[in-house]
Protein chains: 2
Amino acid sequence: MAANDDIYYREGIPVPETPVGEDAPSFWKKTDVVGKPLPRVDGYERVSGTAQYPSDILLPGMLYGAILRSPHPHARVKKIDVSEAEKMEGVRAVLTGESREAKDIKWKYQDRQVPLFDPHCRFEGEIVAAVAADTWYQASDAARAIQVEYEILSFVVDHEKSLDEGAVRIGREGNLLEEEEYSRGEVERGFSEADVVLEQSYRTSVELHTPLELHGCVANWDRDRLTIWESSQGVYAVQSRIAEALGLPLSKIRVSNQYMGGGFGSKLKPGKYTAVCALLAKKCSRPVKMLLSREETFLCVGNRPANSMRLKAGAKKDGTITAFDFECSGPSGAYPAGGVQLVDWLIRDLYLCDNVRTISRDVLINAGPARPFRAPGHPQGAWALEQMMDELADKLGMDPVEFRLRNIPQKSQAREDKPYTTDGLRQCLERGAEEFQWQEALQQAREYNEGNEYIKRGVGAGACLWIAGDGGPPSTVILKLFKDGSVNLNMGASDIGTGTKTVMAQVAAEELGVHPSIIQIEYADTATTQFATPSGGSKTVPTEAPTVRNAAIALKQELKRMAAEDLGVEVEQLKYIGDEIVSGNDSSKKVKIKEISGLKKRGEVIGVGYRGPNIEDKVINPFAAQFCELEVNLRTGEVKLLRFLGAHDSGRVLNRATFDNQVYGGIVMGIGFALTEFRQLDENQTGKLCNRNWHDYKLPTALDVPLKTVSVAIEIDDPEANNTGAKGLGEPVTIPTGAVIANALYMATGIRFTKSPVLPMDIIRELSKKTKG
Amino acid sequence: MAANDDIYYREGIPVPETPVGEDAPSFWKKTDVVGKPLPRVDGYERVSGTAQYPSDILLPGMLYGAILRSPHPHARVKKIDVSEAEKMEGVRAVLTGESREAKDIKWKYQDRQVPLFDPHCRFEGEIVAAVAADTWYQASDAARAIQVEYEILSFVVDHEKSLDEGAVRIGREGNLLEEEEYSRGEVERGFSEADVVLEQSYRTSVELHTPLELHGCVANWDRDRLTIWESSQGVYAVQSRIAEALGLPLSKIRVSNQYMGGGFGSKLKPGKYTAVCALLAKKCSRPVKMLLSREETFLCVGNRPANSMRLKAGAKKDGTITAFDFECSGPSGAYPAGGVQLVDWLIRDLYLCDNVRTISRDVLINAGPARPFRAPGHPQGAWALEQMMDELADKLGMDPVEFRLRNIPQKSQAREDKPYTTDGLRQCLERGAEEFQWQEALQQAREYNEGNEYIKRGVGAGACLWIAGDGGPPSTVILKLFKDGSVNLNMGASDIGTGTKTVMAQVAAEELGVHPSIIQIEYADTATTQFATPSGGSKTVPTEAPTVRNAAIALKQELKRMAAEDLGVEVEQLKYIGDEIVSGNDSSKKVKIKEISGLKKRGEVIGVGYRGPNIEDKVINPFAAQFCELEVNLRTGEVKLLRFLGAHDSGRVLNRATFDNQVYGGIVMGIGFALTEFRQLDENQTGKLCNRNWHDYKLPTALDVPLKTVSVAIEIDDPEANNTGAKGLGEPVTIPTGAVIANALYMATGIRFTKSPVLPMDIIRELSKKTKG
């Protein structure tokens with residue numbers, strides 16, 4: 001075993017020197033590790049099964065928790081009888097709103113505070129009682145044995161009907177949570193200058209968060225100290241929410257989450273179930289594991305709200321867009337949760353337009369609260385805007401890609417006209433169209449359609465930006481150099497399956513000149529790792545990567561300071577070269593990293609990195625353009641996706657494999673949005689969820705995705721983004737996908753599908769209307 | 001739950017300002033937390049059983065390991081047949097020196113490198129083979145089923161016989177490992193100036209390390225990453241030894257040890273068994289738990305070597321000591337391990353003497369290697385020196401305490417005559433004698449003895465210093481302030497049962513002005529906590545406490561820097577006051593800690609503390625004096641300890657309860673050394689261990705310790721020691737105890753017992769000799 005001698009991956013080859021400090025503007029000119037498709041550093045654990053997810057936590061004496069949930073979308077608990085449940089075998093504790101442990105505990109939905117066990121159940125799935133027992137089956141059976149007397153109230157589950165006169169009132173101040181208006185320029189003047197004015201209504205459906213790993217946690221108390229293992233996107237967020245709910249200092253709550261199987265926004269915060277699990281554990285003085293069922297997650301952990309949108313747009317013959325007038329509404333669910341959050345953002349900011357007005361109405365309905373869902377609001381807004389762009393191009397007789405290129409802004413019109421750091425939107429559209437062979441594809445589809453009666457082809461294009469892919473503070477990372485030169489990386493951020501650990505190891509390895517494989521990574525634990533915001537919003541890479549690099553720079557600087565003492569020279573003349581530090585003035589003056597006496601004396605050397613603030617006078621955004629080709633079977637309504645291409649400017653690609661995987665995954669999710677996924681509530685009779693499982697709620701499967709999906713990285717030097725040049729990717733990959741499919745469907749069928757998802761029966765119905773018409 | 005509002009334990013009461021920096025000489029003038037007998041912060045976990053010791057680790061699929069050990073003290077393995085063992089139920093792996101996983105693995109004893117599975121077995125208990133199986137019983141049975149053919153070699157197990165002409169050769173270069181000589185002045189001249197010259201031989205027995213918790217570990221691999229839970233005094237020491245043995249980078253080995261049940265020096269390093277356990281786990285690709293039996297620990301984890309000593313001393317009538325001539329030998333065991341380490345230190349350094357010569361001979365024998373044992377060498381040296389001091393006093397007609405007080409040095413004669421930072425030795429003797437009522441006790445014992453024929457009383461005194469109680473670098477500690485003002489303490493040091501966590505929480509709480517209860521402590525984990533040397537040598541408190549304080553000072557300074565930004569004032573004028581930071585110039589300018597915008601922006605604020613170097617021109621030592629009163633039954637030889645008093649200058653007492661507990665515990669251990677504990681090898685016939693369990697190897701029990709034991713803290717302001725003023729206590733408490741008992745025995749019986757332990761039959765034998773004589 002050669003061991004420690006091959007820690008350094010390039011003996012003697014200089015690492016480019018970089019200025020020290022958070023705002024170092026320079027780039028690695030040439031990289032050895034960054035950008036490479038390095039396999040996951042934790043691939044072995046994930047594949048072998050040794051990776052520990054919350055569901056893998058097994059503690060001595062551990063109990064299992066189950067929750068009794070309201071079966072009604074709107075009801076009031078009048079009486080609870082737990083006597084039968086308490087007598088059942090294996091049952092250790094039953095909690096209701098009247099239990100001593102629970103009665104004073106509140107839960108917050110934004111500014112609304114409600115009881116943890118709320119007798120006023122405003123959605124199907126609201127928590128009514130909970131049980132801890134020796135086995136999950138016992139807990140579950142006991143929960144069902146609890147007798148609850150409900151006063152059943154009338155309900156409303158459609159956001160469009162929620163504001164009707166006679167609709168039942170869900171919140172204290174009625175069902176309209178917020179109405180937000182935005183405007184710039186004069187919309188009416190814009191329309192009067194237009195040669196073409198179009199208006200169209202759109203409606204998207206509720207998509208449910210269904211990450212492969214279910215939601216759940218394990219809670220354990222040591223006297224007044226609580227440890228929670230939660231499947232979470234951010235341990236510090238869980239810590240602060242639970243501390244607030246239970247009234248504990250942060251130092252008394254340890255939240256840990258080594259592995260988790262996806263969240264997509266639904267695990268940015270803990271759920272009520274987390275607090276319930278902690279209270280059960282407290283009542284029993286034993287650890288309690290609580291894993292929600294798929295059905296429970298469908299009811300209560302979050303969703304992408306449905307949006308009703310109306311978009312009116314005007315354009316001149318030369319392709320200038322003169323006005324957008326946009327209105328949208330959407331349901332937060334039973335509590336404030338951002339029912340229209342960011343739905344209008346692309347209308348405000350994606351294309352050049354002087355006159356824009358948007359109105360957004362967030363309303364309450366009797367259904368589980370929404371949560372951010374991979375690019376909150378953006379796919380819905382794109383569904384409207386990117387279809388409208390196609391319609392306008394069509395009416396103007398312009399190529400839709402060309403029409404978009406005419407309207408590329410160099411600045412963020414919605415953010416004080418600050419310039420963008422890159423011209424990424426243009427480059428994504430141009431390079432994407434080129435790689436996709438857009439013109440040829442259009443032509444070939446037309447020719448194909450002429451020769452085929454029932455199978456019709458279409459191609460579609462669309463673009464986007466994502467508001468939050470710049471990342472930013474806060475973030476703290478500590479790099480520790482062991483005595484032998486191997487490295488420990490300490491970071492509070494979660495790796496939600498996207499490869500964060502791998503990418504951060506690459507960044508540290510690049511800067512320090514060591515093998516990524518010898519970097520030990522500790523992460524996502526409030527007790528042992530540094531503060532980080534939840535992994536979400538496509539901000540983990542642009543937030544954490546610069547912090548890791550800053551920590552490495554700080555570590556190198558500390559080593560240089562120590563080497564300067566050893567060598568009796570000024571720090572400034574020293575260069576850090578992979579495994580040693582050398583004087584730039586006299587190359588005979590050098591010291592091996594491992595031999596630096598300060599390292600030997602301290603036993604370790606650490607470098608602390610902080611995320612510096614972003615540039616203030618510019619806007620850092622990731623951009624994207626996507627293209628697809630599909631076939632529609634006019635007799636069955638079946639849609640077959642032939643190929644997809646995503647061209648993405650997310651700045652520097654830190655790992656080509658994780659980059660491509662994000663693009664593929666985002667497109668698959670967008671396919672679900674466009675063609676298969678919707679929450680079906682029984683609007684008229686019961687208000688209850690109809691599709692409560694993966695059989696009835698259809699996610700795209702391997703058979704539903706195109707065999708050919710191409711990821712094109714538009715790597716533009718973006719030195720102003722941060723000191724790694726990387727921007728976010730997780731959200732933009734799924735934003736335009738739905739609209740791109742709708743645009744291709746239009747070409748194939750001549751029908752503008754404004755409601756998502758577009759099911760085969762929708763296609764057949766519309767085709768038959770068209771034939772009749 | 002009032003929660004976060006009571007984090008600060010003194011609202012508005014100023015914490016004394018302290019200069020920032022490692023070498024801050026000032027003290028806390030008045031303390032709120034430090035010094036108080038705070039109960040253990042982890043008392044709940046320890047008492048409730050939730051504390052996780054290595055033996056509590058349970059991993060899915062975990063196997064159990066067992067070791068086959070050489071039954072002979074000296075033999076050569078000629079042939080091993082594992083075929084029967086491999087076929088046994090539950091057996092998953094058998095390892096021998098020929099196994100692929102093991103054959104290249106070496107183990108180091110100081111400078112000697114030997115095979116991990118060494119066919120040349122030099123002591124009873126040497127590892128020959130190992131088994132992993134589904135249960136411990138299966139593993140153990142299989143180990144016994146391995147057929148080994150040995151060539152049995154002749155042996156030597158007494159260090160005095162080991163250097164004899166015909167003795168079998170154990171090491172390559174013979175059995176004399178090292179002969180070290182020290183001298184100052186001219187010993188012969190010293191004796192010629194003396195009025196009294198005495199010479200005496202002493203012999204102490206081997207004491208075995210028998211901490212309540214057995215030695216053991218759990219090892220688990222994730223591909224090439226190894227995690228070890230080891231009952232250890234220092235996780236970083238385990239990490240580096242195992243990394244070296246297995247040829248792994250440090251970052252690939254995580255060593256963790258949350259709780260452990262005592263080590264006393266034997267757990268400063270891992271054992272061969274740790275590496276064997278790791279290799280078994282590797283071979284099986286499953287976690288393996290290996291807990292040694294008590295018998296195994298008796299054979300192989302360490303011991304206090306037996307020492308043969310000859311001390312010749314001269315003194316003038318006025319009590320001036322003129323010369324010490326000291327010779328000692330002792331066995332390292334089968335490998336170099338410090339058989340005479342520090343045995344001569346007290347002769348060199350405890351009392352004023354211009355002419356000193358010492359010779360120390362470390363030899364090999366066929367027995368398990370020694371390890372540092374609570375005050376290496378010192379109790380043995382004290383056994384000789386402190387009895388000799390009594391004899392001299394007796395011959396000179398002086399009170400033995402008075403005689404010692406005449407010879408108190410103000411400087412370390414063995415360390416370049418550097419002055420001590422305190423006059424602790426004098427104060428311990430004076431205050432101890434006063435508190436013990438030494439003169440009255442002497443008088444009362446004499447009177448008692450006159451009135452009693454068979455029960456005789458004696459009082460005895462003795463003193464010591466401990467060479468290494470100053471602590472020192474390296475150590476790194478990080479304190480993290482959560483957003484709500486609660487605190488996380490990150491420290492790599494182990495709490496070996498002495499209360500390190502509690503004491504460090506007090507130091508942090510004192511400096512930060514927060515409740516100790518809201519300090520979350522992470523410790524003793526190479527992956528998540530900072531570097532620390534093993535907890536041992538009475539250096540944990542004086543090493544870690546100043547580091548914790550420095551981290552707190554750094555944290556306060558960072559908060560002040562941030563507050564200065566918020567308030568628009570200079571940092572220098574700001575004062576940190578419990579829960580807020582206030583301007584000294586204008587008390588209206590202030591900000592609550594929780595409201596500091598830098599804390600909010602970063603999500604946390606950290607302070608990094610390092611242990612600064614010790615003062616160079618002085619010697620920092622803890623000192624002690626102990627006193628006892630006992631009864632001897634002249635008919636049975638039984639000794640009954642009536643009372644004990646320990647007066648200890650270990651600088652500032654950080655926690656009075658843990659301080660007292662150390663004093664009591666150390667005295668109990670010293671009682672074992674003096675009266676009950678010895679390893680009995682069958683010297684002539686087999687060389688094997690005779691007393692292999694707690695029945696035959698007698699530790700003092702509750703019935704053997706005095707009902708009245710008093711701990712006197714000699715708190716001398718010792719600002720030069722470090723910025724907490726605390727020195728080590730763990731070792732000095734056990735150094736003079738044995739000699740103090742021997743001195744009291746002399747008074748009671750008139751017999752000088754020079755061989756330890758002094759058993760009832762020894763007393764009877766010597767009494768009968770005396771009667772005959």
Side-chain angles (χ1 to χ4, degrees), chain A residues 1-4 7 42 44-45 48 50-51 56 58 60 104 220 222-225 236 239-240 243-244 246-252 254 473-476 478 480 482-488 490 492 517-520 522 525-533 600-604 606 608 610, chain B residues 1-4 7 42 44-45 48 50-51 56 58 60 104 220 222-225 236 239-240 243-244 246-252 254 473-476 478 480 482-488 490 492 517-520 522 525-533 600-604 606 608 610:
Chain A
M1 292 187 232
N4 306 356
I7 282 175
D42 54 5
Y44 175 88
E45 287 84 343
S48 67
T50 63
D56 295 317
L58 285 174
D104 297 326
N220 190 30
D222 264 341
R223 196 179 37 177
D224 61 348
R225 287 189 281 266
Y236 277 95
Q239 182 198 35
S240 67
E244 194 190 359
L246 303 187
L248 289 171
L250 292 169
S251 64
K252 298 263 186 196
R254 176 180 189 169
S475 165
T476 303
I478 298 180
K480 172 167 80 172
F482 290 110
K483 274 193 283 192
D484 65 351
S486 61
V487 177
N488 174 284
N490 180 297
S517 68
I518 58 101
I519 298 176
Q520 180 181 44
E522 289 301 317
D525 189 319
T526 61
T528 60
T529 62
Q530 304 310 308
F531 185 81
T533 49
K600 291 182 179 177
K601 275 185 213 154
R602 278 206 194 145
E604 69 176 31
I606 61 173
V608 181
Y610 299 103
Chain B
M1 293 189 229
N4 308 357
I7 282 175
D42 54 5
Y44 176 88
E45 288 83 343
S48 67
T50 63
D56 295 316
L58 286 173
D104 298 325
N220 190 30
D222 264 340
R223 196 180 37 177
D224 61 348
R225 286 190 282 264
Y236 277 95
Q239 183 198 36
S240 67
E244 192 188 0
L246 304 187
L248 288 170
L250 293 169
S251 64
K252 299 262 186 195
R254 176 181 188 168
S475 164
T476 303
I478 298 181
K480 172 166 79 172
F482 289 110
K483 274 193 284 192
D484 66 351
S486 60
V487 177
N488 173 285
N490 180 297
S517 68
I518 58 101
I519 298 176
Q520 180 181 43
E522 290 301 317
D525 189 318
T526 61
T528 61
T529 62
Q530 303 310 308
F531 185 83
T533 49
K600 290 183 180 177
K601 275 184 213 153
R602 279 208 193 143
E604 68 176 31
I606 61 174
V608 181
Y610 299 104

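These figures come from a predicted structure and were not determined experimentally. Quick note on labels: first sequence line is chain A, next is B, and so on, each numbered from 1.
The shortest side-chain heavy-atom distance between A:Asn220 and B:Thr50 does not fall under the 4.5 Å cut-off. Put simply, the side chain of A:Ile478 reaches to within 4.5 Å of the side chain of B:Ile478, judged on heavy atoms.
Considering only heavy-atom pairs separated by less than 4.5 Å from chain B, the leading option among A:Thr533, A:Thr476, A:Asp42, A:Asp56 is A:Thr476. Most heavy-atom pairs under 4.5 Å with chain B: of the set A:Ala51, A:Ser517, A:Gly492, A:Ala532, this distinction falls to A:Ser517. Put simply, of A:Val608, A:Asp224, A:Ile606, the one with the most heavy-atom pairs under 4.5 Å next to chain B is A:Ile606.
The cationic atom of B:Arg602 (NZ for Lys, CZ for Arg) does not lie both less than 6.0 Å from the six-membered ring centre of A:Phe531 and within 45° of the ring axis.
Contacts of A:Arg225 with chain B are made by side-chain atoms alone, with heavy-atom separations under 4.5 Å and no backbone atom involved. Using a 4.5 Å cut-off between heavy atoms, B:Gln530 contacts chain A through both its backbone and its side chain. If you measure heavy-atom distances from B:Lys483 to chain A, the contacts under 4.5 Å come from both the backbone and the side chain. Only the backbone of B:Thr529 comes within contact range of chain A, with at least one heavy atom under 4.5 Å from a heavy atom of that chain. Heavy atoms of A:Asn488 lying under 4.5 Å from chain B belong exclusively to its side chain. Residue A:Lys601 touches chain B through its backbone alone, counting heavy-atom pairs closer than 4.5 Å.
A donor-acceptor pair under 3.5 Å is absent between the side-chain atoms of A:Asp484 and the main chain of B:Pro249, judged by distance alone. Of the possible donor and acceptor atoms, one in the side chain of B:Ser251 sits under 3.5 Å from a partner among the backbone N and O of A:Ile518. Between the side chain of A:Lys480 and the main chain of B:Ala527, no donor-acceptor pair closer than 3.5 Å is present.
Counting all heavy atoms, side chain and backbone alike, A:Gln520 lies closest to B:Thr526 at OE1-O, 4.4 Å. Nearest heavy-atom pair across B:Thr528 and A:Thr528 is CB-CB, 3.6 Å. The two residues A:Arg223 and B:Tyr44 have their closest heavy-atom pair at N-CE2, 3.2 Å.
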